[in-house]
Number of protein chains: 2
Amino acid sequence: MSTPPAAASYHHGNLREALIEAAIDVARERGPDGLALRDLARRVGVSHNAAYRHFADRDALVDEVAGRGLAALTAAMQARLAVAERVVDPVLRARSRLAAAGHGYVDFALAEPGLFKVLFTSYPTPPDGAVGADGATEQDPFVMLNACLDDLVSVGFLAAAARVHAEITCWSTVHGFAVLHVEGPMRTASPADREAALVVTLTAIDRGYAASTGAVVAPGELFAEA
Amino acid sequence: MSTPPAAASYHHGNLREALIEAAIDVARERGPDGLALRDLARRVGVSHNAAYRHFADRDALVDEVAGRGLAALTAAMQARLAVAERVVDPVLRARSRLAAAGHGYVDFALAEPGLFKVLFTSYPTPPDGAVGADGATEQDPFVMLNACLDDLVSVGFLAAAARVHAEITCWSTVHGFAVLHVEGPMRTASPADREAALVVTLTAIDRGYAASTGAVVAPGELFAEA
DNA sequence: GGCGGCATGTGGGCGCCGTCAACATCAGGA
DNA sequence: TCCTGATGTTGACGGCGCCCACATGCCGCC
């Protein structure tokens with residue numbers, strides 16, 4: 001649909017991209033288990049095995065979809081972060097950014113459960129992947145989270161001692177929330193309950209970190225401008 | 001191996017249980033995707049399709065394995081809880097019990113990654129499942145968690161207002177930690193880092209809840225007798 | 001004691017799947 | 001111009017879940 005200028009017969013012209021796009025469609029509505037090379041080939045109007053000219057095996061295609069999913073997740077987080085950026089008070093802004101990052105993460109998982117599941121069938125190990133080929137720092141959920149936490153230390157809200165392994169704690173909480181609600185036991189919860197529980201959870205993280213420096217937090221201020 | 005007194009030929013005699021045991025073995029070493037009815041039938045020495053006399057379809061078998069896995073998870077949590085029970089001070093005991101429950105949860109996930117994954121392909125929705133057929137309260141990770149949290153309120157460590165949705169927060173954190181380390185991006189972390197991060201994470205939850213009542217916590221006391 | 005019914009196990013088949021091997025088609029450079 | 005490499009096709013193999021018809025043997029009932 002996008003740009004098929006070349007193809008008419010034998011050689012498709014843009015098969016690789018066409019397969020990826022079809023795969024994304026399928027992944028969105030059926031998740032990772034619904035991805036089948038033969039099915040995708042059929043959808044694109046090409047014979048089975050054609051895909052093997054562009055992907056070593058099924059996993060390679062799934063990895064590609066996961067990559068696109070990661071970009072979408074990053075975008076969702078950045079959208080929420082942009083809003084939090086407008087808070088004027090530096091401390092409240094830093095706190096809001098952490099909450100926003102988590103909120104965006106869960107938003108994406110609930111809005112795109114299929115892609116979210118695919119994403120975590122082949123997620124890059126975090127210590128790498130944070131730096132692009134040219135050495136520039138890429139935007140990636142893990143580096144965004146770390147930036148938020150470093151910020152919280154800078155503004156004096158999070159004690160340096162409590163910074164250790166805080167990425168793991170935050171990521172665990174938010175990821176667990178997403179998994180439990182997307183494919184886990186909480187998948188039947190109502191959207192209202194879900195949102196309320198998420199606010200409670202993000203607030204709990206905030207309050208816990210406030211305690212690390214004895215910072216005073218007012219109830220409700222974190223989600224005042226949600 | 002266990003009790004095959006009957007069988008020699010045509011009728012196996014104990015096929016259902018044999019299939020489940022074989023399925024558990026496979027699940028432990030290959031996870032849910034490694035479970036195939038035909039393969040299991042082959043292992044048990046019976047023809048394909050025989051399994052259909054005991055299970056409606058593949059999912060039914062997986063559900064059965066998930067049930068056994070849930071029992072094992074519950075046992076792992078109870079083992080840790082029993083240790084925490086020995087703490088004399090009531091407040092510290094209640095806090096230790098919550099941490100122990102989480103610790104047991106993660107222990108199980110890391111010790112039995114295959115079963116853990118199977119478990120969450122068909123986990124019962126929590127509001128149900130907490131009460132057995134005879135009306136007695138069953139032991140179940142979710143009810144254990146709720147009991148721990150109620151305890152924390154009783155001893156005055158957790159504010160009643162902060163009790164709302166606290167199950168979700170705690171479960172999310174611990175489940176996310178487990179998932180990230182079992183099959184997620186943190187799967188390559190060293191056992192030492194893992195354990196250190198887990199202690200930090202469980203401590204963070206404790207400190208956050210202490211803040212809800214202004215309770216004073218001493219560093220290190222939670223994991224003194226781990 | 002014989003017999004019939006029902007639970008249990010067998011064998012074959014269908015349409016999926018991923019993957020390998022051999023062959024067909026086409027575009028672009030020597 | 002032709003040939004070479006990239007790309008797409010056809011065919012096959014084994015494995016899967018599941019449906020069918022058929023075989024076997026245990027049980028209770030007359």
Side-chain angles (χ1 to χ4, degrees), chain A residues 2-66 114 117-118 121-122, chain B residues 1-27 29-66 114 117-118 121-122:
Chain A
S2 41
T3 51
S9 54
Y10 212 92
H11 285 81
H12 180 286
N14 199 19
L15 184 54
R16 181 183 167 89
E17 204 58 29
L19 284 170
I20 294 176
E21 285 178 18
I24 291 177
D25 287 348
V26 173
R28 289 180 64 181
E29 58 189 50
R30 296 223 284 260
D33 296 342
L35 286 177
L37 287 184
R38 292 178 103 109
D39 176 56
L40 294 173
R42 222 174 293 126
R43 286 167 187 258
V44 175
V46 93
S47 96
H48 74 270
N49 264 340
Y52 284 92
R53 299 298 163 186
H54 302 276
F55 302 97
D57 52 18
R58 179 182 177 278
D59 280 351
L61 210 209
V62 176
D63 282 358
E64 188 61 45
V65 175
K117 288 180 204 164
V118 173
T121 60
S122 70
Chain B
M1 188 156 292
S2 40
T3 51
S9 52
Y10 212 91
H11 285 80
H12 181 286
N14 200 17
L15 184 54
R16 181 184 168 89
E17 204 58 29
L19 284 170
I20 294 176
E21 286 177 17
I24 292 177
D25 288 349
V26 173
E29 57 190 50
R30 296 223 284 262
D33 295 343
L35 286 177
L37 286 184
R38 292 177 105 109
D39 176 56
L40 293 174
R42 221 174 292 126
R43 285 168 187 256
V44 174
V46 92
S47 97
H48 74 271
N49 268 339
Y52 285 92
R53 300 297 165 186
H54 303 276
F55 302 96
D57 52 17
R58 179 182 177 280
D59 280 350
L61 211 208
V62 175
D63 282 358
E64 188 61 46
V65 175
K117 288 180 205 164
V118 173
T121 60
S122 70

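Residue numbering restarts at 1 for every chain, and letters A, B, ... go by the order of the sequence lines.
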Query - Result of checking L40(B), L61(B), L37(B) against F55(B) for side-chain contact (heavy atoms from CB on, under 4.5 Å) - result: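 For F55(B), the side-chain contact (heavy atoms from CB on, under 4.5 Å) test succeeds with only one of L40(B), L61(B), L37(B), which is L61(B).
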If I compare all heavy atoms of [X] with all of [Y], which pair ends up nearest, and what's the gap?
{"X": "A56(B)", "Y": "A60(B)", "answer": "N-CB, 3.9 Å"}
{"X": "A27(A)", "Y": "V118(A)", "answer": "CB-CG2, 3.9 Å"}
{"X": "A23(B)", "Y": "V65(B)", "answer": "CB-CG2, 3.6 Å"}
{"X": "V44(B)", "Y": "A22(B)", "answer": "CG2-CB, 4.0 Å"}
{"X": "S47(A)", "Y": "A41(A)", "answer": "O-CB, 3.7 Å"}
{"X": "G34(B)", "Y": "V26(B)", "answer": "O-CG1, 3.4 Å"}

Query raised in the report: Roughly how bent is the helix from dG1(C)-dC30(D) to dA30(C)-dT1(D) end to end, in steps of 10 degrees, with each end axis from five pairs?
Result: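 About 20°, once rounded to a multiple of 10°.
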Report task. Taking the side chain as every heavy atom from C-beta outward, state whether E17(B) and I20(B) have any atom pair closer than 4.5 Å. Result ->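 Yes - at least one pair of side-chain heavy atoms lies under 4.5 Å apart.
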Query raised in the report: When rounded to the nearest 0.5 angstrom, what distance separates CZ in R43(A) from CG in D25(A)?
Result: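 Atom-to-atom, R43(A):CZ and D25(A):CG are 7.5 Å apart.
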**Report entry** Range on DNA chain D touched by chain A, heavy atoms, distance below 4.0 Å
**Finding:**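 So the outermost contacting nucleotides come out as dA6(D) to dA12(D).
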Requested in this report: Pull out every residue in residues 50-64 of chain A that has a heavy atom closer than 4.0 Å to any atom of DNA chain D, ordered by number, or say none.
Outcome: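 Going residue by residue through residues 50-64 of chain A, the ones with a heavy atom under 4.0 Å of DNA chain D turn out to be A50(A), R53(A), H54(A).
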Query - Outermost DNA chain C nucleotides near chain A [under 4.0 Å, heavy atoms] - result: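 Range of nucleotides touched by chain A: dC17(C) to dC26(C).
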Query raised in the report: Run the side-chain contact (heavy atoms from CB on, under 4.5 Å) check on R16(A) and L19(A) step by step: do they pass?
Result: CA-CA 5 Å; R16(A) 181 183 167 89; L19(A) 284 170; 5.9 Å; no
**Report entry** Listed once per pair and sorted, the salt bridge (Lys or Arg N to Asp or Glu O under 4.0 Å) pairs that draw on residues 48-58 of chain A, sequence neighbours left out
**Finding:**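 For residues 48-58 of chain A, and leaving out neighbouring residues, there are no salt bridge (Lys or Arg N to Asp or Glu O under 4.0 Å) pairs at all.
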Query - Partners passing side-chain contact (heavy atoms from CB on, under 4.5 Å) against A36(B) (at least two apart in sequence or in another chain) - result: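 Listed in chain order: D39(B).
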Report task. Scan R42(B) against the nucleic acid and name what it touches under 4.0 Å (heavy atoms): base, sugar-phosphate only, or nothing. Result ->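 Sugar-phosphate contact only.
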